[in-house]
Amino acid sequence: MKQDILARKLERIDDLPSIPSMVFEAVHLLHQPDITVERLTSSIQLDQAIVSKILRLVNSSFYGFQGRIGNLSQALVLLGFNAVRNAILSISILDIFSDLGKDFDSRLFWLHAIGTGVICQVMGHQLKYPRVENLFVAGLLHDIGKLVIIKLFPEDFFKILKEVREKDISIIEAERAVLGMDHTEIGYRMAEKWKLPQEIQEALGFHHCPWNAKENRAMSATVCLSNCLCRALDIGCGGDALVPEIDPKVLTILGIEPLFIAGCLEDIDLEMERAKSFLTIFNENELRSPS
Ligand SMILES: [Fe+2]
Ligand SMILES: [Fe+2]
């Protein structure tokens, strides 16, 4: 790949729309120790599209609350600030990718993304991980680099899929061959641009080689393991038919035995059923017509 072509591609990636400034303000506020529900509500309420999506999310069976939650302050109290922060971030990031053309089956992609998020969450609880909410977001967004490829370079994307089929190679190898970079490098770049927490940036960048992470290897390793498991359980599709093998180094980083994975399966099944309603929130058509 010629350097100038690669540079032009990187420029187009950097030009992708950013998250609305309200989101940054709300995320910043959510980090303040003395923030009140009222102050936060008045900031988020400036963006009614996001408010309506948060309310739909909080009323979906993903959260399983009894009765209808009718306003944002109630949602903030019930969900907790971290969950709201992650919902706002996810909604606004996924909004950027709501229009990917009809040749791409975004449903299978989001199913893989949500599946990986849910498995991360289940494992995070079992491992007593302190920021399970961040783990869910890291799992949900781990392959976002693939969406950048589809959105900006659709022709390259179809060439990548062809390479995968014809040469029986992994999607990451095909991306490097066709595009000169892969979805993990693009994901890291986007997460940096979006100012996501450092550990989430790393998980996007190192979910295929978590031993290279510096800030939080355990998070990258959990996303790596969850991605493999999601593929093995045939939840959604990540672009190729290969089921990645679990590298023993990943288990060493997490300090677990293979038996740990078997112990998570029942919870994964249960959580996956509930999480499917999360999918409808991010479904392409739903995004275009918030109720
Ligand atoms: Fe990936
Ligand atoms: Fe994946």
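Just follow the structure's listing: the first ligand is 1, and inside any ligand the first atom is 1.
No side-chain heavy atom of Leu40 sits less than 4.5 Å from a side-chain heavy atom of Gln45.
Look at Thr116 and the Fe ion (ligand 2): no N/O/S atom of the residue is under 2.8 Å from the metal. For His112, the nearest N, O or S atom to the Fe ion (ligand 2) falls under 2.8 Å. At least one N, O or S atom of His208, from either the backbone or the side chain, sits less than 2.8 Å from the Fe ion (ligand 1).
Note on Asp143: its N/O/S atom closest to the Fe ion (ligand 2) is OD2. Nearest N/O/S atom of His142 relative to the Fe ion (ligand 2): this is NE2.
Taking 4.0 Å as the cut-off between side-chain N and carboxylate O, Lys167 and Glu173 do not count as a salt-bridged pair. Between Arg12 and Asp15 there is no salt bridge, since no side-chain nitrogen of the basic residue lies less than 4.0 Å from a carboxylate oxygen of the acidic one.
The cationic atom of Lys9 (NZ for Lys, CZ for Arg) lies less than 6.0 Å from the six-membered ring centre of Phe153 and within 45° of the ring axis.
Side-chain polar atoms of Glu202 and Asn216 form no donor-acceptor pair below 3.5 angstrom.
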